[in-house]
Amino acid sequence: MTATGEPDRLDLLRRAADGGQQAAARELGHRLGLLDDAVILQRPDEVPEAERWLRRALELDPGDAVAGTLLAGLLGRQCESVVAGQPWEWSDEAAADDEEPEDPWLRALRERLREGERILAAILAADPDNATAASGLALVAAGRADIEDYIADCFGDSGPDEEDEASGGTDDGEGEEADDGPGGDAVDRREYWCRRALSVNGDDTAAAGVLAAVLEERGETQEAAGLWGRLVELNPQDYWAAFRLVMTRGDTPGAERASREPAAAGDPQAVLTLALLLDATGRETEADDWLARPTAYPMPHSVLPRDTLGLHHRPLPALELARSFQHAEDLAGARRWAGRAVRQADDKRRLIAAVERYAALLKGADDDAGIREFLEAGAAAGQAAAAFALMTWHRVLGHRKDEERWRSRGQELLGSS
């Protein structure tokens, strides 16, 4: 809902922007960019109104750093929404005859991320002290790595049209050439842009979190622990930073004792940290009991997905924890939490999201949690959601015939319900 007078304000901005007023185009793009319609795409080539006006603002003033960072941020949020919503499963958009349904969407993901990176790199080249652009580049580098992993895990190889371009910015012939960053792998790129962001703003929590994970992955635990500790200082509700700080320092018993009292009082960060510590020491049942509490409420990594009625879904704590473990390259931990999320899911969207995560993590590993049998038992009992979850399972694993078989079975169960 909009505040009283907001529609009139938007109409005034539209008229001014139509008349060529650059500031009006930028403000209009910013205001519309706060709405769900700006990030939830119906087609891979869709250009929402917010994006259109931000592009117009940059056309009118290519040096507007605020409009550029707003556009880059919007493109990134669109990518997060596509990954969360998997629109190729329900969109009427037809792929070419020689393509899979997801191919146009995956190309759109890559194009949007690369464009956002070029925009931010150009802004940083023009203003090396621009903290927003520096932080944005760190997040884009991390986002690109995560999405490339997602594409490879879910669809095999590298997906469609894996033609990468220069990793950093662009040179339009005016001013300084944008910093291309390192030419190495995703870890190098993430570390480079994170350190660059922290050199501009030492309290950049986003860059510090990505860099801490990269360093811990590489075994540089002392510097990683320092970053995790700084993140907890800056944001006491950062459950993942608190957990990683404990694990890098090795004081699990002391941290558990310190977490129990605030967890019992309802502190969400303490609840989640305690659950992670219990799980890490083999007490899975007690960890699940804590996560079942209403106060166990991790914020999602992206915009909250919505169903067709527009209702926001609260994320499953277990699935968000699986995502955190995957970001930390602990695939066994991620797989364990994703399997638990499948069993805890209480609606179709949550179930399918958990199954997709688990199946993507399963490649090359055994289904030790018995998730496939769990879903097949649900489908045999007439649960359409379980059949559609099995459809997702086989799609992720590349079993096209089985995917279609379970799609048909799910539709049959829906028709008979």
Side-chain angles (χ1 to χ4, degrees), residues 9-35 37-39 41 44-81 107-144 147 163-183 189 192-193 196-197 199-201 204 206-207:
R9 175 64 176 165
L10 293 178
D11 287 341
L12 288 172
L13 287 171
R14 284 190 182 94
R15 287 196 291 271
D18 278 332
Q21 294 187 26
Q22 192 270 347
R26 182 182 68 191
E27 183 178 350
L28 180 59
H30 172 55
R31 287 174 179 261
L32 293 173
L34 300 175
L35 305 177
D37 289 345
V39 296
L41 305 179
D45 60 350
E46 181 180 357
V47 180
E49 186 182 6
E51 180 184 338
R52 180 162 55 85
W53 286 118
L54 289 174
R55 291 187 183 281
R56 177 60 176 155
L58 281 177
E59 289 174 5
L60 293 169
D61 181 3
D64 186 343
V66 174
T69 54
L70 288 171
L71 177 57
L74 178 60
L75 295 173
R77 288 187 292 125
Q78 289 171 351
C79 292
E80 292 176 342
S81 176
R107 275 196 301 274
L109 279 177
R110 285 172 166 148
E111 289 167 2
R112 282 175 162 82
L113 283 170
R114 289 167 182 163
E115 182 180 8
E117 189 170 14
R118 288 196 302 271
I119 292 169
L120 292 170
I123 292 171
L124 195 60
D127 178 9
D129 294 327
N130 190 310
T132 304
S135 181
L137 277 165
L139 290 176
V140 168
R144 281 189 66 177
I147 285 179
E163 295 180 5
D164 206 350
E165 34 190 272
S167 59
T170 183
D171 180 18
D172 59 7
E174 299 181 5
E176 295 185 43
E177 184 175 353
D179 184 353
D180 285 341
R189 290 171 51 75
Y192 177 86
W193 287 121
R196 178 73 183 274
S199 71
V200 177
N201 175 16
D204 186 332

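- Closest of all the heavy-atom pairs between W53 and A17 is CZ3-CB, 3.3 Å.
- In this structure, L41 CG and Q78 CD are separated by 5.0 Å, a value rounded to the nearest 0.5 Å.
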Sequence neighbours left out, cut at 3.5 Å: what donor-acceptor pairs do the side chains of residues 122-132 make with other protein atoms?
| residue | atom | partner | partner atom | Å |
| --- | --- | --- | --- | --- |
| D127 | OD1 | D129 | N | 3.2 |
| N130 | OD1 | T132 | N | 3.2 |
| N130 | OD1 | A133 | N | 2.9 |

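- Not counting sequence neighbours, the partners of E49 by the salt bridge (Lys or Arg N to Asp or Glu O under 4.0 Å) test are R14.
- Residue L54 comes nearest to H30 through the heavy atom pair CD2-N, 4.0 Å, listed as atom of the first residue, atom of the second, then distance.
- For Q21, the side chain to side chain contact (heavy atoms under 4.5 Å, CB included) partners are A16, A24, not counting sequence neighbours.
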Can you give the donor-acceptor pairs under 3.5 Å from side chains of residues 66-75 to other protein atoms, not counting sequence neighbours?
| residue | atom | partner | partner atom | Å |
| --- | --- | --- | --- | --- |
| T69 | OG1 | A65 | O | 3.1 |
| T69 | OG1 | V66 | O | 2.9 |

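- One distance of note links CZ of R31 with CG of L13; it measures 6.0 Å at 0.5 Å rounding.
- For the pair G33 and R77, the tightest heavy-atom approach, listed with the atom from each and the gap, is O-NH2, 3.0 Å.
- The shortest non-hydrogen separation linking A38 to A50 is CB-CB, 3.8 Å.
- Residue pairs meeting the side chain to side chain donor-acceptor pair (under 3.5 Å) criterion with at least one partner in residues 55-68, sequence neighbours excluded, are Q22-D64, R26-D64, E51-R55, R55-E115, R56-E59.
- Residues that satisfy the side chain to side chain contact (heavy atoms under 4.5 Å, CB included) test with A23, not counting sequence neighbours, are absent from this structure.
- Closest non-hydrogen pair, R112 versus P44, comes out as NH1-O, 3.0 Å.
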